[in-house]
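Notes follow the structure.
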Amino acid sequence: MQERLLDLLDREAIRATFFLQGRWIEAWPSTARRVAEAGHVVGNHSHYHVRMPLLSAAGFAIDVRRAERVIGDVVGADPRPWFRLPFGTGAGEAAVHRRLERLGYRHVHWDVNAEEWQVAAIEAQVAEEIVRGVLERGDGAVVLLHAWPRTLLGALDAAAGRLRDAGARFVGIDELESLPSGLGSP
């Protein structure tokens, strides 16, 4: 699925941001390298994909740095300053943000969550949620998607076309002026 997603993004000339998990990179190194080689932004999504606020300060740092090391060694990219908290857990906690800042990161939350990962998700509904959410949020909307759900490719293909028709341009988070943090600010 991930390879087909990268093919779709390439065909549609969409530059995206991928928050890569360390264990996933270890399992799929060639696909992870392809993300960076295609010019997509690479961020850190932890090594073990745990709820980060449950970790001690030392455990938190170990998990983030381990993923960072794998991203650098395998993908050849520096994910800093981009970090996405697994499940978004801790996004509303200033202490979690401070831990990330001390490690050279900032959490990037999302504006639109189409929940394409839900078992009952249907491509047309996911596409509609993406389009509706982006149009409601407006310029700079950050959309949360996952590379593995069966509904992703069809939904993204349909949503991208509709958004392009509405004048949208697809960019990585490094091109946005403001980013959602989860702390209640845009």
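Here the structure is a predicted model, which means the values were calculated and not measured.
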Residue list, salt bridge (Lys or Arg N to Asp or Glu O under 4.0 Å) with [X], at least two apart or on another chain:
X: Glu93; result: none
X: Asp139; result: none
X: Glu101; result: none
X: Arg34; result: Glu3, Asp7

About how many Å separate [atom2] of [Y] and [atom1] of [X], when rounded to the nearest 0.5 Å?
X: Leu85; Y: Ser181; atom1: CG; atom2: OG; answer: 10.5 Å
X: Tyr105; Y: Trp82; atom1: OH; atom2: CH2; answer: 12.0 Å
X: Phe18; Y: Ile71; atom1: CZ; atom2: CD1; answer: 13.0 Å

Please check this pair: side chain of [X] against backbone of [Y], looking for a donor-acceptor N/O pair closer than 3.5 Å.
X: His45; Y: Arg84; answer: yes
X: Arg15; Y: Leu9; answer: no
X: Arg150; Y: Val119; answer: yes
X: Arg137; Y: Val112; answer: no
X: His97; Y: Arg106; answer: no

Which heavy atom in [X] sits nearest to a heavy atom in [Y], and how many Å separate them?
X: Leu152; Y: Ala147; answer: CD2-CA, 3.8 Å
X: Arg51; Y: Thr89; answer: CG-OG1, 3.7 Å
X: Ala127; Y: Ala159; answer: O-CB, 4.0 Å
X: Pro79; Y: Asn44; answer: CB-N, 3.7 Å
X: Ala67; Y: Gly22; answer: CB-N, 4.2 Å
X: Met52; Y: Ser46; answer: SD-CB, 4.0 Å

Indicate if [X] and [Y] have the same hydrophobic cluster label, given that clusters are the connected sets of ILVMFWY residues with side-chain heavy-atom separations under 4.5 angstrom.
X: Ile25; Y: Phe83; value: no
X: Leu20; Y: Val143; value: yes
X: Leu100; Y: Leu179; value: no
X: Leu5; Y: Phe170; value: yes
X: Val50; Y: Trp24; value: no

side-chain contact (heavy atoms from CB on, under 4.5 Å) evaluation trace for Val108 with Phe19
CA-CA 10 Å; Val108 180; Phe19 290 93; 3.8 Å; yes
Result of checking Val126, Thr151, Leu8 against Leu156 for side chain to side chain contact (heavy atoms under 4.5 Å, CB included)
Leu8
Restricting to pairs with a member in residues 152-161, which pass salt bridge (charged side-chain N to carboxylate O under 4.0 Å, His left out), not counting sequence neighbours?
none
Salt bridge (charged side-chain N to carboxylate O under 4.0 Å, His left out) pairs, two or more places apart, involving residues 113-124
none
Are the aromatic ring centres of Phe87 and His49 under 6.0 angstrom apart?
yes
With [X], which residues qualify under side-chain hydrogen bond (donor to acceptor under 3.5 Å, both in side chains), at least two apart?
X: Asp10; answer: none
X: His109; answer: His107
X: Glu128; answer: Arg162
X: Glu177; answer: none

Just distance, no hydrogens or angles: give the donor-acceptor pairs under 3.5 Å from side chains in residues 58-66, sequence neighbours left out.
unit_1: Asp63; atom_1: OD1; unit_2: Tyr48; atom_2: N; d: 3.1
unit_1: Asp63; atom_1: OD2; unit_2: His47; atom_2: N; d: 3.1
unit_1: Arg65; atom_1: NH1; unit_2: Glu68; atom_2: OE1; d: 2.8
unit_1: Arg65; atom_1: NH1; unit_2: Leu103; atom_2: O; d: 3.0
unit_1: Arg65; atom_1: NH2; unit_2: Leu103; atom_2: O; d: 3.3
unit_1: Arg66; atom_1: NE; unit_2: His47; atom_2: NE2; d: 3.4
unit_1: Arg66; atom_1: NH1; unit_2: Tyr48; atom_2: OH; d: 2.3

Side chains of Val134 and Asp111 in contact at under 4.5 Å (non-hydrogen atoms):
no
Counting only heavy atoms not in Arg11, do more than 12 fall under 6.0 Å of its CZ?
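Buried by this count: over 12 neighbours within 6.0 Å.
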For Gln125, enumerate each residue passing the side-chain contact (heavy atoms from CB on, under 4.5 Å) test, keeping only those at least two apart in sequence or located in another chain.
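Ile122.
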